[in-house]
Amino acid sequence: MAAIQYEAPTTVEDAVGLLSKAKGTARVLAGGTDLLVQMRTGRVEPSLIVDIKKIPQIRKIKSEKGGFRVGAAVAGAEMSEHAAVCKAWPGIVEAFDLIGSTQIQGRASMGGNLCNASPAADSVPALVAAGATATVAGPKGTREVPVEKIPAGPGKTSLAKGEFVVDIVLPARKAGTGDAYLRFIPRTEMDIAVVGVGICLTLDKSGTCTAARVAVGAVAPTVLLVEDAAKALIGTKLDDAAMAALDKAVQAACKPIDDKRGTIAYRTKVSGVLARRAAAIAAERAKG
Amino acid sequence: MSKYHVTTSINGEEVEFLCEAQQTLLDVLRDELELTGSKEGCSSGDCGACSVMVDDRLVCSCLVLATEAEGAKVETIEGMADGDQLHPLQQKFLEHAALQCGICTPGILIAAKALLEKHPDPSEEETRYWLAGNLCRCTGYDKIIRAVLDTAAEMRG
Amino acid sequence: MDDAPHYKFVGTRPIRPDGVEKVTGRAAYGADMVLPGMLHGRVLRSPHAHARIKSIDTSAAEKLSGVKAVMTAADMPEIPNELAPAGEMMVNFREVSDNILARTKVLYDGHAVAAVAATSPSIAEAACKLIKVEYEVLPHVIDPVAAMADDAPVLHDHIFTEGLPEKPSKPSNVAKRIEIGTGDIEAGFKDADVVIEREFNTAAVHQGYIEPHACLANFTFDGQTTLFCSTQGHFVVRAICAKVLQMELSRLRVTASEIGGGFGGKTVVYLEPLSIVLSRKSGRPVKMVMSREDVFRASGPTSGANVWVKMGIKKDGTLVAGEAVLKYQAGAYPGSPVQPGCMCAFAPYDMANVKVVGYDVVTNRPKVAAYRAPGAPISEYAVESVVDELAKAVGIDPIDVRIKNAAKEGTRAAYGPKFGPIGYLDLLNKVKESEHYKAPLGKNQGRGIAAGFWFNIGGESCATININEDGTIGLVEGSPDIGGSRASMALMAAETLGVSTDRIKPIIADTASLGYTFLTGGSRTTFATGMAVTQAAQNAIQQLRERAAKIWDIPVEAVEWEDGFARPTSSNAGDFEPLSIGDIAAKAGKTGGPIVGRAEINAAGAAPGFGAHICDVEVDEETGRVTVTRYTAVQDVGKAIHPSYVEGQLQGGAAQGIGWALNEEYIYDKNGKLDNPGFLDYRMPVASDLPMIETILVECPNPNHPYGVRGVGETPIIPPMAAVANAVAAATGVRMTDLPMSPPKVLAALGNANGGGDD
Amino acid sequence: MARVVLPTSVARQFAAATEFEVAAANVRAMLEALDTQHPGLRREIEDTMALAIDGEIYQDYMLEPLQPESEVFVVPKIGGG
């Protein structure tokens with residue numbers, strides 16, 4: 001039985017060093033709400049666990065250029081308690097807050113939710129819709145990448161050996177912009193999203209949509225940024241016809257699977273429903 | 001197999017233990033420290049029976065590695081009563097018959113205490129969502145929710 | 001009612017005697033016990049739904065450092081393949097043994113094939129991975145209807161369908177065909193103005209107790225074994241373990257731990273014999289605890305089923321005929337609850353013509369175990385759905401159809417006997433008069449009602465009342481307390497003795513310390529063990545009177561017991577100050593020795609349980625989500641000894657039934673592997689899924705019980721599925737015939753209805 | 001004479017009628033009478049069935065008294081959860 005090594009470095013450099021030199025499987029531990037379950041069920045058998053929570057900046061939210069730099073291990077509950085983030089990006093905070101129970105909220109991190117690379121991760125569509133980026137540290141230094149580039153497929157990321165996500169940058173929210181995230185689950189809590197839709201849109205003074213991003217989760221191997229859905233909204237006043245076009249565009253983009261959580265037909269249909277409902281909420285927020 | 005030496009505070013007392021890297025805080029509480037009030041219902045964070053406070057945050061101890069408890073402040077059901085003085089929630093749970101088999105009770109009490117510390121006057125809906133991570137199969141939650149709301153009212157005075 | 005007896009303690013709500021231990025985390029449940037030198041056991045389970053075991057090589061596991069014992073079915077005695085008496089029932093212990101550890105074939109994903117004891121859980125897990133099992137994978141069958149087909153894979157060569165006119169020539173997955181009925185079913189349908197027939201399917205659902213199965217065995221070299229385990233009946237555990245391990249009962253002493261939920265699922269044995277054998281082989285105590293995944297894969301859910309129902313009604317609302325065919329899957333071995341399913345199906349109705357046929361069907365799933373009113377929720381869901389449709393068809397309020405046709409005292413049930421006094425009609429009227437039934441509904445909302453019937457049982461129970469020297473009372477009983485029964489026992493003892501409950505300390509004795517007591521199940525504990533406790537208290541009173549007579553030197557007939565005191569019957573008997581229990585106990589040594597009241601009984605006269613539930617739902621027509629917005633459970637409870645715990649039974653049963661209705665199900669993949677063996681995807685109701693569950697207790701006392709008790713625990717799980725389905729139908733016009741009514745199914749049904757043209 | 005009613009499945013197994021009139025003072029005598037007519041029926045009933053005597057269900061019944069007008073329904077044993 002191979003022993004597992006546990007390390008809790010205090011700097012990004014040390015963490016990169018440990019991950020780079022690891023033999024066998026190395027796993028980054030942030031909130032641990034996915035990793036520990038995967039270890040317990042034998043889906044992951046790491047030889048090295050690098051707990052990044054002792055790195056100071058990784059547990060902090062910093063205001064920056066009108067936006068925020070959110071450490072990769074900031075827990076959901078900490079986000080929900082941050083008034084400025086809640087005000088700027090309510091959709092992202094709600095999406096994060098939907099992940100699991102109060103107990104899970106005490107631990108689960110946005111970095112973990114992103115890097116676990118589940119197609120159904122709740123925070124990811126909201127981050128993608130908001131145009132968030134991730135700071136990746138690695139042996140060659142750091143790089144900024146759009147969050148949608150991190151997951152590469154179910155359980156797979158684009159991160160190279162030795163790399164990990166240090167923080168996520170939420171951009172400054174432009175005037176007249178609102179975001180929202182809605183997901184569907186069979187119960188009211190504790191389920192994995194059957195479908196999730198994140199929408200960020202900007203309205204001008206007349207109420208016409210001038211920009212939009214629509215991201216859909218759990219309907220493809222990775223979160224989809226649906227450009228046709230955005231086009232359906234831009235230039236409209238989000239009237240019934242625009243909403244119907246949005247619904248149709250989102251459904252057209254879906255490539256879901258049948259599984260224990262939902263059918264192809266169900267996911268497809270409900271993605272359109274949620275898109276309409278999320279767009280309405282985002283629009284209300286955009287109007288302030 | 002080399003073990004990790006961890007120093008932590010549990011219910012206000014400094015505690016040291018040795019653990020394997022894959023052992024969870026729940027494993028150590030139950031198997032090494034014989035604090036069996038925290039229950040293992042699922043080991044996947046879905047039932048909340050193992051709820052404890054770590055550094056003032058409500059967590060599932062099955063989803064925390066024991067090594068992570070180094071330097072932390074851990075609070076478990078064993079520390080909830082003050083000597084033989086039950087916490088108001090414990091008393092109300094008894095009065096409302098808010099437990100049947102009682103296996104979920106320690107976790108729910110810890111979670112409810114965390115709720116009332118954060119929201120002294122929760123609505124029924126807030127209470128239900130806060131406790132959504134604590135499964136109870138016996139009660140249908142009715143008497144649990146009533147006990148929590150009644151305690152909140154009493155503690156507000 | 002003025003003639004209702006007035007009680008001083010029964011019907012009050014004291015704090016339960018075991019409460020403080022349970023709210024402080026000190027109560028010891030199955031996994032909480034530790035013994036010096038204790039090992040940790042783990043089970044290796046089949047990854048296949050159906051396979052022949054060609055070989056098992058445990059040598060590598062045995063060599064692993066820290067491993068102290070490894071076992072396979074070869075370490076268990078060979079048991080003959082025949083029915084043998086087991087308490088009340090006849091059981092094939094070969095099948096019981098095979099289910100505990102597979103001998104020649106594995107019959108479901110998760111079937112145990114080997115077990116290991118090691119010095120740590122992680123070593124035991126590693127050792128399991130080192131056991132090499134060679135399988136020959138066989139075709140499998142999961143669905144009960146598919147399993148009945150002529151070309152279905154046959155699980156057992158020794159099963160030939162029972163209950164057919166002639167013994168079949170080849171083995172079958174249909175273990176048994178049963179039939180009950182009364183009247184002339186065809187004539188009944190001819191009499192009807194409207195006849196509706198429907199086919200229903202229900203998914204297998206698990207009891208979902210939060211505490212996984214757990215036990216700790218300690219075999220000592222003189223052949224004595226102690227076993228500490230989480231069970232609904234430790235005497236039953238002793239009986240089964242002794243049988244499959246061929247031990248003498250006296251060598252096995254079983255202590256029931258506190259139990260973290262059972263609902264019928266902890267009436268059977270899984271880990272206990274393995275821990276005993278591993279302890280014997282290793283010479284050390286062995287603790288075994290199931291993971292949640294093990295619980296779902298390898299412990300008994302209740303049947304999934306296919307049910308066909310046909311019923312006829314006259315325009316005036318009289319139900320004239322009911323026919324049903326029930327196909328229940330039993331899991332890997334025969335023994336689904338189809339029999340009670342048949343008997344309960346039409347039991348709430350006074351209906352002249354009934355025919356029910358049932359099939360017990362084996363499939364490659366874990367063997368089903370009892371689950372709250374086993375069998376009844378499935379058949380009654382189907383019948384209560386059809387009754388709702390019939391009521392609509394003849395334009396009569398569904399509650400009035402039920403009132404008009406309700407079984408009453410003297411009604412003959414389809415399975416034979418006439419009902420004694422029952423409060424069914426009374427409770428239906430309570431439903432109709434309730435504020436809930438009349439409350440207005442909002443948009444996309446609907447209201448449904450449904451009824452439920454369950455037998456309830458009695459059986460063997462023992463109780464001892466120890467009068468302590470200071471006059472306090474030790475109450476010894478043998479029924480594991482799952483939902484507050486210690487409190488009820490204390491109340492009945494208090495009422496009988498005339499002392500308050502805080503003077504009475506109930507304990508659950510182990511199998512060596514009390515006579516045989518059947519398990520906590522069948523809604524029998526407060527009825528049967530309560531009867532034993534009452535009789536033991538009466539027996540103690542008799543002795544207390546005798547001692548008082550000796551103290552006063554008067555005849556015992558001149559001493560009466562009133563309000564906790566011995567008193568002279570009249571001034572003629574003498575002028576004496578009343579003696580309390582404490583006064584008499586203090587002199588017990590001088591008047592004949594310790595005072596111990598006892599009762600050992602086989603309680604007959606259990607009275608049936610009837611209930612009806614009201615459910616409001618709101619349906620999101622775009623997503624198919626069904627939200628229960630209001631819920632009321634009404635039940636004839638006989639007499640509520642501790643009303644809070646009676647309400648709790650109604651609320652908990654309703655919540656489980658709502659889960660069964662909406663989201664709970666066993667999902668298998670194409671290879672016959674369970675695809676959702678965890679709370680994440682099994683989807684039991686969480687706190688935010690439910691409203692408050694209102695209760696209305698109707699008390700029609702059971703004349704056979706000293707305090708009028710009738711069982712209450714099981715009936716509440718029966719009405720919810722149909723109550724929810726009827727509410728969904730009221731909200732949407734769509735009849736859901738498949739459980740669970742999960743959002744994809746509801747949305748599909750709404751789509752079909754909306755796109756269906758004529759609807 | 002007590003009236004005894006067998007379930008159809010049991011009657012079929014023993015090629016017996018579903019209803020009997022039996023003169024017996026208690027259940028033991030009743031079962032003995034049935035067994036004389038259909039050997040093995042007593043064992044089948046005792047092993048697997050309960051009796052509803054005048055509406056009351058008995059899982060164990062050997063010594064229960066019967067009245068001349070008693071109705072005895074042979075019903076399956078009921079367990080429970």
Side-chain angles (χ1 to χ4, degrees), chain B residues 1 20 22-23 27 30-31 34-47 49 76-78 80-81 84 86-87 89-91 93-106 109 124-125 127-146, chain C residues 13 15-16 18-29 31-34 120-122 207-212 258-263 289 291-292 481-484 487 642 644-645 647-656 658 678-680 684-690 692-695:
Chain B
M1 196 185 305
E20 297 166 11
Q22 81 284 354
Q23 277 186 294
D27 292 337
R30 290 183 53 82
D31 298 342
E34 297 183 2
L35 292 167
T36 55
S38 304
K39 305 300 178 188
E40 179 166 339
C42 69
S43 276
S44 55
D46 294 303
C47 79
T76 72
I77 186 67
E78 285 86 353
M80 191 158 169
D84 63 359
L86 295 179
H87 185 278
L89 275 164
Q90 291 172 312
Q91 186 62 35
F93 267 55
L94 294 177
E95 290 167 9
H96 282 262
L99 54 144
Q100 286 180 31
C101 82
I103 194 87
C104 69
T105 308
L109 286 168
E124 180 191 335
E125 189 182 12
T127 306
R128 287 186 178 277
Y129 275 89
W130 183 276
L131 293 177
N134 291 87
L135 288 175
C136 169
R137 191 61 159 171
C138 294
T139 64
Y141 304 103
D142 183 296
K143 294 187 190 302
I144 292 172
I145 302 299
R146 289 179 199 276
Chain C
R13 305 177 186 233
I15 286 174
R16 60 194 288 171
D18 52 331
V20 171
E21 277 178 56
K22 285 179 176 164
V23 297
T24 53
R26 300 179 81 137
Y29 291 82
D32 295 343
M33 189 63 90
V34 176
S120 78
S122 54
Q207 297 83 355
Y209 31 82
I210 307 301
E211 179 203 29
E258 293 303 329
I259 170 173
F263 315 107
V289 182
S291 67
R292 178 54 52 184
D481 178 357
I482 317 185
H642 191 305
S644 296
Y645 291 105
E647 292 160 3
Q649 289 296 318
L650 270 55
Q651 291 163 336
Q656 283 183 317
I658 291 168
F679 285 140
L680 178 63
M684 291 173 4
V686 300
S688 49
D689 291 339
L690 297 173
M692 291 297 186
I693 312 278
E694 299 159 56
T695 59

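Note: hydrogens, waters and symmetry copies are ignored here, and every other heavy atom, side chains too, is used.
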Scanning both residues in full, the closest heavy-atom pair of C/Ala687 with B/Leu131 reads CB-O, 4.1 Å

Could you tell me which portion of C/Ala27 (side chain, backbone, both or neither) has an atom closer than 4.5 angstrom to a non-hydrogen atom of chain B?
-> backbone

Correct closest heavy-atom pair for C/Ser122 and B/Glu20 would be OG-OE1, 3.3 Å

What pair of heavy atoms forms the shortest contact from B/Gly41 to C/Phe679, and how long is it?
-> O-CE1, 3.8 Å

Region of B/Gln23 in contact with chain C, defined by heavy-atom distances below 4.5 Å | neither

Which atoms of C/Arg26 approach chain B - backbone, side chain, both or neither, heavy atom under 4.5 Å | neither

Heavy-atom neighbours of B/Glu125 CD exceed 12 at 6.0 Å | no

Ion pair present between C/Asp689 and B/Arg128, side-chain N to carboxylate O less than 4.0 angstrom?
-> no

For each of C/Glu211, C/Arg16, C/Glu694, tally heavy-atom pairs with chain B at distances under 4.5 Å, and name the one with the top tally.
-> C/Arg16

If one checks every heavy atom of B/Phe93 against chain C at 4.5 Å, the contacting part turns out to be side chain

Ignoring hydrogens and angles, state whether a donor on the side chain of C/Thr24 or B/Glu78 is under 3.5 Å from an acceptor on the partner side chain.
-> no

Taking the side chain as C-beta and beyond, is there a heavy-atom pair between C/Ile15 and B/Glu95 under 4.5 Å?
-> yes

So which of C/Leu650, C/Leu690, C/Asp481 has the largest heavy-atom pair count under 4.5 angstrom toward chain B?
-> C/Leu690

C/Leu680 versus chain B, heavy atoms under 4.5 Å apart: side chain, backbone, both or neither?
-> both

Given B/Pro106, B/Ala132, B/Gly45, the one with more heavy-atom pairs under 4.5 angstrom with chain C than any other is B/Ala132

Heavy-atom nearest pair, C/Ala655 first then B/Gly140, reads CB-CA, 3.5 Å

C/Val23/B/Met80 under side chain to side chain contact (heavy atoms under 4.5 Å, CB included): CA gap, chis, key distance, verdict | CA-CA 9 Å; C/Val23 297; B/Met80 191 158 169; over 6 Å; no

Should C/Ile482 and B/Gln100 be marked as a side chain to side chain contact (heavy atoms under 4.5 Å, CB included) after you check the CA-CA gap, both sets of side-chain angles, and the distance that decides it?
-> CA-CA 6 Å; C/Ile482 317 185; B/Gln100 286 180 31; over 6 Å; no

With a 4.5 angstrom heavy-atom cut-off, could you sort out which part of C/Gln649 is near chain B: side chain, backbone, both or neither?
-> both

Are any non-hydrogen side-chain atoms of B/Arg137 and C/Pro685 less than 4.5 angstrom apart?
-> yes

Kindly say whether C/Ile693 contributes a backbone atom to a donor-acceptor pair with the side chain of B/Asp142 at under 3.5 angstrom?
-> yes

Looking at side-chain heavy atoms only, is the closest gap between C/Ser688 and B/Tyr141 below 4.5 Å?
-> no

From CA spacing to verdict: side chain to side chain contact (heavy atoms under 4.5 Å, CB included), B/Cys138, C/Tyr209 | CA-CA 8 Å; B/Cys138 294; C/Tyr209 31 82; over 6 Å; no

With chain B, the option among C/Gly19, C/Gly648, C/Gly262, C/Gly484 that has the most non-hydrogen atom pairs under 4.5 Å is C/Gly648

Could you have a look at B/Leu135, B/Leu109, B/Thr127 and say which one has the most heavy-atom pairs with chain C under 4.5 angstrom?
-> B/Leu135

Check each atom of C/Val20 against the heavy atoms of chain B and say whether the ones under 4.5 Å are side chain, backbone, both or neither.
-> both

Between B/Lys39 and C/Ile210, does a side chain to side chain contact (heavy atoms under 4.5 Å, CB included) hold up when you go through it step by step?
-> CA-CA 9 Å; B/Lys39 305 300 178 188; C/Ile210 307 301; over 6 Å; no

Result for side-chain contact (heavy atoms from CB on, under 4.5 Å) between C/Lys22 and one of B/Leu94, B/Thr105, B/Leu99 points to B/Leu99

Closest approach of B/Lys143 to C/Glu647 (non-hydrogen atoms, all atoms of both residues) = NZ-OE1, 2.6 Å

Student check: side-chain heavy atoms of B/Glu40 and C/Pro212 closer than 4.5 Å = no

Please step through salt bridge (charged side-chain N to carboxylate O under 4.0 Å, His left out) for the pair B/Asp46 and C/Arg292, ending with a clear verdict.
-> CA-CA 10 Å; B/Asp46 294 303; C/Arg292 178 54 52 184; over 6 Å; no

Indicate the atoms forming the closest heavy-atom contact of B/Gly102 with C/Tyr29, along with that distance.
-> C-OH, 3.1 Å

